[in-house]
Trainee: 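Sharing a structure here in structure tokens format.
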Amino acid sequence: MLSKMRNAMSTIVSQYLLSPSKIYDKRPTLESLEASQPMWIQAEISELGSRLVASHQTPEVPLNRQRYLLQGMQLPLFDVSKVKQPFDKAVDLVVLFIAGSNAHLLTCRQRAIECAYAAKVAIQSKNRHAKVLLARFNPFGVVNKIDQNHALQPYVASPLSQNDITEDYTECAKLILRRYSHSDLVVMGHSLGGVFSRKVFANLKRSLPDASRVKFVYSAMSLPGIADAFMYYQPATMLRNLIPSKHRAMISAVINFTNKYGFSCIQRGLKAAVEASGWKTVPDVILPGEIAQSNILKEKLDHFIPDQVASVQVQSLLNWLLKPTEIGNCHDFPPSKLFDQASNFRSSELDNLIRTLRNVFVGEHVAEPV
């Protein structure tokens, strides 16, 4: 009975976090200028082993975790037609980008390409011929069906734990490192993807025999873990997928009222259930200098990450509090549209990232913000 309850809660959390809610994202101008055409791949994962498969075909939605495919994409930030050596040996650096939840899952193209561009500028400070590859994968059960209407296949929620998704992305990273055996790797994530980027990086550093190839991780607009956030969001928001749409407003009001005047009973129950189902916040062991993080300055500019559980509370050497210069949903802004206002001169998140990665690849000093 307890196992069934845990599975049910895992399914609810998976549905809440991983159900895609946006269909199509246009190709950014920067991607058109910097990158060749995407190369579609799939990570085939089973108990017998894993491999990367080049494929333009849309995989079926996996029904179980015995043997399954994760849909992925590679984007070379160089002219593939001019490569004289085998492609696998030509790549010097892979940027593994992990997107966030829901609307971010099949979008974030501007943020992803800017992160990869930052890595390219940084590593080419050391070697101007260095070639950078951007890699992305969808989580278990999420498939971006490619057709003329950009229609999505329905998401079938499975009872996934935080560890399931971490292991999937870790396996994808290992496959990438195996395929591109002459390359280094940096991991970057946004929102929920920032949680998994840190966990994947820590896993790789702990388990790989050649862990020195894994250089750096960047976690943007993120939080330490999922369960903590349940104490700061309205409980009706966290339960929205379970509330019938016909009476959603009334039921949501009752839930929030009961929680408010019942000593946060619903929030505390939700947090306990989420932790029991495999989504407990577990600290990641990452050495200083190997990780940079950012969040939006707390002026009600980030409605997705509660102030109390944001991964960055105070600006420091590699922790940035950012602010936009235009009105909009700041959580979704790419690095070029968010600015570090604490520096002596105004620098964007993109500038900070380039400067930090230069320090990783070239050894330049990164100035402390004032």
Side-chain angles (χ1 to χ4, degrees), residues 11 14-28 31-32 35-77 80 87-88 91 94-113 115-116 133-160 164-176 178-180 188-193 196 200 241:
T11 303
S14 302
Q15 176 73 27
Y16 173 78
L17 294 174
L18 300 180
S19 181
S21 58
K22 193 172 183 180
I23 295 174
Y24 179 59
D25 201 11
K26 292 181 180 179
R27 192 179 198 207
E31 187 178 311
S32 300
S36 297
Q37 288 299 311
M39 304 161 65
W40 293 97
I41 55 172
Q42 295 167 11
E44 184 181 287
I45 300 176
S46 73
E47 295 174 345
L48 301 177
S50 305
R51 62 177 183 147
L52 277 184
V53 182
S55 176
H56 288 269
Q57 294 185 342
T58 304
E60 294 297 320
V61 175
L63 299 178
N64 61 67
R65 292 179 61 82
Q66 301 304 310
R67 180 178 178 274
Y68 53 95
L69 295 171
L70 300 180
Q71 188 180 28
M73 181 198 76
Q74 299 176 132
L75 194 63
L77 272 69
V80 174
F87 184 82
D88 294 359
V91 176
V94 178
V95 176
L96 176 62
F97 182 86
I98 302 178
S101 60
N102 305 123
H104 302 308
L105 279 168
L106 305 179
T107 59
C108 272
R109 288 182 74 169
Q110 185 70 40
R111 173 163 285 275
I113 191 62
C115 285
L133 183 76
L134 170 63
R136 294 181 65 173
F137 291 88
N138 290 340
F140 182 88
V142 176
V143 174
N144 187 9
K145 184 177 181 180
I146 305 299
D147 66 12
Q148 61 182 356
N149 297 316
H150 302 281
L152 289 178
Q153 292 191 1
Y155 174 64
V156 180
S158 300
L160 298 174
D164 289 332
I165 300 174
T166 300
E167 290 300 324
D168 281 352
Y169 281 130
T170 301
E171 193 60 35
C172 289
K174 288 180 178 178
L175 290 173
I176 287 286
R178 191 188 309 163
R179 168 72 59 86
Y180 301 104
M188 300 191 185
H190 171 246
S191 194
L192 177 66
F196 288 113
V200 168
N241 291 333

Trainee: Looking at Ile41, is its backbone amide N or carbonyl O close enough to the side chain of Gln74 to form a donor-acceptor pair, meaning the two atoms are under 3.5 Å apart?
Mentor: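 No; judged by distance alone, with no hydrogens or angles, the pair does not exist.
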Trainee: Distance from Ser21 atom OG to Leu105 atom CG, nearest 0.5 Å?
Mentor: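 If I round to the nearest 0.5 Å, the distance is 7.5 Å.
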Trainee: Nearest 0.5 Å, please: how far is CD1 in Ile98 from CZ in Arg136?
Mentor: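 One finds 10.5 Å between CZ of Arg136 and CD1 of Ile98.
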Trainee: Heavy atoms, side chains only, cut-off 4.5 Å: are Gln66 and Glu47 in contact?
Mentor: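 The answer is yes, as the side chains (C-beta and beyond) meet within the 4.5 Å cut-off.
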Trainee: Apply side-chain contact (heavy atoms from CB on, under 4.5 Å) to Leu69 and Val143, showing your working.
Mentor: CA-CA 10 Å; Leu69 295 171; Val143 174; over 6 Å; no
Trainee: Taking side chain to side chain donor-acceptor pair (under 3.5 Å) as the test, write out the residues that go with Ser50, two or more places apart.
Mentor: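 Side chain to side chain donor-acceptor pair (under 3.5 Å) list for Ser50, sorted by chain: Glu171.
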Trainee: Kindly determine whether Leu192 and His104 satisfy side-chain contact (heavy atoms from CB on, under 4.5 Å), including the steps that lead there.
Mentor: CA-CA 9 Å; Leu192 177 66; His104 302 308; over 6 Å; no
Trainee: Kindly indicate, with the supporting measurements, whether the criterion side-chain contact (heavy atoms from CB on, under 4.5 Å) is fulfilled by Ile176 and Phe137.
Mentor: CA-CA 11 Å; Ile176 287 286; Phe137 291 88; 4.2 Å; yes
Trainee: Which atom names give the shortest non-hydrogen contact between Ser158 and Ser14, and what distance separates them?
Mentor: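 Here Ser158 and Ser14 meet closest at O-OG, 3.0 Å.
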Trainee: Roughly how far, to the nearest 0.5 Å, is the CE atom of Met39 from the NE2 atom of His56?
Mentor: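 Answer rounded to 0.5 Å: 8.5 Å.
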Trainee: With sequence neighbours excluded, what pairs up with Asp164 under the side chain to side chain donor-acceptor pair (under 3.5 Å) test?
Mentor: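 Ser161.
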Trainee: Is there a side-chain contact between Arg27 and Gln37 in this structure, where contact means two heavy atoms from C-beta onward sitting under 4.5 Å apart?
Mentor: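 They are in contact (side-chain heavy atoms under 4.5 Å apart), so the answer is yes.
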Trainee: Could you tell me if the side chain of Asp168 sits less than 4.5 Å from the side chain of Phe196, heavy atoms only?
Mentor: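 No, side chains not in contact.
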Trainee: Within a strict 4.5 Å, meaning less than it, do heavy atoms of the Glu31 and Gln110 side chains meet?
Mentor: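 In short, these two side chains do not touch, never coming nearer than 4.5 Å.
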Trainee: Which atom pair, heavy atoms only, marks the closest approach of Thr58 to Gln153?
Mentor: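 Smallest interatomic distance, heavy atoms only, reads CG2-NE2, 3.7 Å.
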Trainee: Compare all side-chain heavy atoms of Leu77 with those of Ile113 and state whether any distance is below 4.5 angstrom.
Mentor: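 Touching, per the 4.5 Å side-chain cut-off.
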Trainee: Evaluate the side-chain proximity of Arg65 to Leu160: yes if any heavy-atom separation is below 4.5 Å, no if none is.
Mentor: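 Yes, side chains in contact.
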Trainee: Is a donor on one side and an acceptor on the other found under 3.5 Å between the side chain of Asn138 and the backbone of Leu70?
Mentor: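 Side chain of Asn138 to backbone of Leu70, a donor-acceptor pair under 3.5 Å: no, none is there.
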Trainee: Quick one: list whatever passes side chain to side chain donor-acceptor pair (under 3.5 Å) with Tyr169, sequence neighbours left out.
Mentor: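 For Tyr169, no residue satisfies side chain to side chain donor-acceptor pair (under 3.5 Å) once neighbours in sequence are set aside.
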Trainee: Between Asn102 (side chain) and Pro20 (backbone), is there a donor-acceptor pair under 3.5 Å?
Mentor: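 Here the side-chain-to-backbone pair does not exist.
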Trainee: Show your working on side-chain contact (heavy atoms from CB on, under 4.5 Å) between Ile165 and Leu18 and close with a plain yes or no.
Mentor: CA-CA 11 Å; Ile165 300 174; Leu18 300 180; 3.7 Å; yes
Trainee: If every non-hydrogen atom of Leu52 is compared with every non-hydrogen atom of Leu175, which pair is closest and at what distance?
Mentor: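 What the structure gives for the nearest pair is CG-CB, 3.8 Å.
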Trainee: Of the non-hydrogen atoms in Gly72 and Trp40, which two are nearest, and what is the gap between them?
Mentor: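 Nearest pair, atom of Gly72 first, then Trp40: O-CE3, 3.4 Å.
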Trainee: What's the shortest heavy-atom distance between Phe140 and Tyr155, and which atoms?
Mentor: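 For Phe140 versus Tyr155, the nearest heavy atoms are O-CE1, 3.8 Å.
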Trainee: Which value, rounded to the nearest 0.5 Å, describes the distance between Phe97 atom CZ and Arg109 atom CZ?
Mentor: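 Output value for this atom pair is 12.5 Å.
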Trainee: For residues Val200 and Ala173, report the shortest heavy-atom separation together with the two atoms involved.
Mentor: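 Reported closest heavy-atom pair: CG1-CB, 4.3 Å.
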Trainee: Can you measure from CD (Gln42) to CD (Gln57) and round to the nearest 0.5 angstrom?
Mentor: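 Here the rounded value is 7.5 Å.
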